[in-house]
Amino acid sequence: MRKNNVMGVVFTNLNENLLPELTQERSMASVPFGGRYRLIDFALSNLVNAGIGKVGVVTKENYQSLMDHIGSAKSWDLDRKNGGLHILPPYGRAGSYGMYKGKVDALKGIYNYLENSQEQYVVLYDCNSVLNIDIGAMVEQHISSAADMTIAYRNGPLPSDPNVIAMEFSDERVCRVTMPENGRINGNYGLGIIVIARSLLMSLVSDASAENKWHFARDVIMPNVDKLIIKGYRFDGFAANMDSAQTYVEVNMSLLSSDVRADLFNRSRPIYTKVKDAMPTRYGIASHVENSLIADGCVIEGSVKNCILFRGVKVGKGACIENCIIMQGSVIGNNADLKYVTIDKGASVGANRELCGAPSYYIFIKKGAEV
Amino acid sequence: MKKTECVAMLLAGGQGSRLGVLTKNVAKPAVPYGGKYRIIDSPLSNCINSGIETVGVLTQYQPLELNDYIGSGKTWDLDRQGGGVHILPPYQKSTGSDWYKGTANAIFQNIPFIERYNPEYVLVLSGDHIYKMDYSKMLEQHKKTEASCTIAVLNVTLEEARRFGIMNANPDGTIYEFEEKPAEPKSTLASMGIYIFNWQTLRKYLCEDDAKEGSSNDFGKDIIPTMLGAGEKMCVYRFDDYWKDVGTVESLWDANLDLLNPNIDLNLADPNWKIYSKTHSLPPQYIAAEARVENSLITDGCEIYGNVDFSILFENVTVEAGANVMYSLVMPGAKIEAGATVKYAIVAENAVIKSGAVVGESPENTVDLDEWGIAVIGDGLTVGQNATVGAKVMVTEDVKDGERK
């Protein structure tokens, strides 16, 4: 893949309605994950690891948290003179009619950004999945197979995300694209990552929006299955779509498996995130930690089992937390007892409190709450 | 361009030979500390937190790791217009070239660098200590007293005073005498090697000292005594917070484990005085079900399946099941294999301790305490299966399976 020949466009507001517990005040891209990340870190890291140096981040609403996280984009090596990261908020274009109705609308909104770019190819990237994928190899396949569009896909049980597309192939070409209503049937499903020539993308977006069509999968991909050569890039590694609160919990917990960690946190394609300058995590004298993923800056004085602890979490003396996901800076008081709880950023659970969810129904404590 | 009031010159060129194999390939300021830091993070962070934005780092010995670590200085907010951090190695001039012959000579050779900023004051620091200090307060006192030179001092015990450069001062803080490692100390104010000079005054003495035959071109041995002898007004600035030398294996180990001491308040992530460091993007640490971790500091990228007690593990360290790490420092990327034991030791970067090996020994199990000390395994080395490395042993090459050292 020739350097500077590919740019990325990342969509950050997707399916917030599927994960309302965590998206009241943030976009899907900002959803914290895995102890120290946000979902957008996977998008940005995968793109940068492929040598892509120009990324447009399309935002729609609730993007303050995201902007704060990204900052100058230095953490992802995207603080550049040539290219770099650009946040593309809505209402950017004169004559736009308000909030984006769909992806096509959003692409029309950033039409100037696309037009003024020099890159030959665009990688469209949906932020709502967690995976570590070699985008470079995907782009190479796109170019060498002379496809008009290449869609990354996986074979397995379909996520219950209603926007996921299912694909059928004939002679290595996508011959049918559907959006099945019932999730969890097995098949080839899109991972929300598409490679397409910039010029083609622009003309497809122009045509669709001229006809007041705004859904990318339904109005751009499906009608063109026969007219365009659409190919698939098969991905067999770990991938998860955040299609529900339960899935969110399960995917985080799957990081407790060393195989999943080795896949997602592939050292040759690291996942970058914002630096926080915390101290290493401190384990106190009576602390007891088992089967848990712990980020920096924590102070653990109690018992932690099967948990994911984000940065700067404090677990008090005598506290006992099992099967929990505790996000950044939250504090668990002395002797508190928590099971099957997800706690958002900056919350606190008082001393001696007991909270008990169930494996299939986690209790979600919202950001800043005081229990 | 905003006028620069004070330029800091950080002496980072020393070999740190007392650290032995730990400084074989890196300069002392680049030696890892505290689980995710390097020694130089302390003075660099102190500079930026004190409002000093122009810092020269004088390197000489094995500077590659240090240069790479410092980079553009962004980590410490020292990637700035009209200032920032600059690496200053010895360089060739039209009149010839010279290695830095002494601490004062290093600054002397960099007079042109300081002149670019034309500051009023120069702060001289070393990269050898762990401490949090607001240099702007020292500068304020320096200005108020109208001293030519202010020397930061730490109050030590009479016993310890024999090991330091001691400042004998009047009640008003002016120094009247300076004694290097006195047998009979007259005061307990030990020089910390941190000086603030009026730049024009320092410049004069540096030039004169360079022309002097037989001078060792050293601040402590030459510049300070000469200035004192010439009647320059020199004052002490008293510092009474945590300050730890990390120049020997024992003191490095000790300074690190101080972070685990509940009686010592050293919060390196204090939002009012953060110590910054540059780390790699690694996933959070994983503590397995069979692991037992207590009273320790562990950071990103570690995978712990064994037992860790009263130790500091740096990034990307693996402790396999059944392995034991106690009272030790395990530096980035090292691996402690199943059933190995590491106690009272420093395991340097990327070293591997193979299964069943025993490194170090507890002082309780040592008959002759003079023979006891911290074991050190040099970076990248392997200690073979079932090998033994005794207390105080410094390993500088691979230890074969079953070997006893």
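None of the values given here were measured: they were computed from a predicted structure. A, B, ... follow the sequence lines: proteins, then strands. Residue 1 opens every chain.
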Proximal component of [X], with respect to chain A [non-hydrogen, under 4.5 Å]:
X: B:Tyr37; result: side chain
X: B:Lys278; result: neither
X: B:Asn267; result: both
X: B:Ile312; result: neither
X: B:Glu315; result: neither
X: B:Tyr305; result: side chain

(message) Which heavy atom of B:Leu282 sits nearest to which heavy atom of A:Arg36, and what is that distance?
(response) O-NH1, 2.6 Å
(request) Considering non-hydrogen atoms only, spot the tightest contact between A:Lys276 and B:Lys274 and give its length. (result) O-NZ, 3.4 Å
Select, from [options], the one with the greatest count of heavy-atom pairs under 4.5 Å involving chain B.
options: A:Asn306, A:Ile300, A:Asp296; value: A:Asp296
options: A:Gly35, A:Ser287, A:Ser292; value: A:Ser292
options: A:Pro270, A:Ser258, A:Gly284; value: A:Gly284
options: A:Gly34, A:Ser45, A:Pro280; value: A:Pro280

(message) Using the side-chain contact (heavy atoms from CB on, under 4.5 Å) definition, which of the options A:Asn291, A:Val289, A:Leu293, A:Val304 pairs with B:Ile287?
(response)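 Of the listed options, the one satisfying the test is A:Val289.
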What do you reckon, is [atom1] of [X] surrounded by more than 12 foreign heavy atoms closer than 6.0 Å?
X: B:Asn365; atom1: CG; result: yes
X: A:Lys317; atom1: NZ; result: no
X: B:Glu250; atom1: CD; result: yes
X: B:Lys354; atom1: NZ; result: no
X: B:Ile264; atom1: CD1; result: yes

For [X], is it the side chain, the backbone, both or neither that has a heavy atom under 4.5 Å from a heavy atom of chain B?
X: A:Leu256; result: both
X: A:Lys305; result: neither
X: A:Ile294; result: both
X: A:Phe310; result: neither

Side-chain heavy atoms of [X] within contact of [Y], under 4.5 Å:
X: A:Met279; Y: B:Lys36; answer: no
X: A:Val275; Y: B:Tyr276; answer: no
X: A:Arg267; Y: B:Pro283; answer: yes
X: B:Ile298; Y: A:Thr281; answer: no

Most heavy-atom pairs under 4.5 angstrom with chain A, which of [options]?
options: B:Leu297, B:Ile304, B:Val308; answer: B:Leu297
options: B:Ala269, B:Gly35, B:Ala289; answer: B:Ala289
options: B:Leu313, B:Asn316, B:Asp309; answer: B:Asn316

(message) Quick check against the 3.5 Å criterion: does A:Arg261 have a side-chain atom that pairs as donor or acceptor with the backbone of B:Pro284?
(response) no
(request) Please confirm whether the backbone N or O of A:Glu290 pairs with a side-chain atom of B:Arg292, one donor and one acceptor, at under 3.5 Å? (result) no
(message) Would you compute the distance between atom OG of B:Ser296 and atom OH of A:Tyr283 and round it to the nearest 0.5 angstrom?
(response) 9.0 Å
(message) Could you measure the distance from the CG atom of A:Asp277 to the CH2 atom of B:Trp76? Nearest 0.5 Å is fine.
(response) 10.5 Å
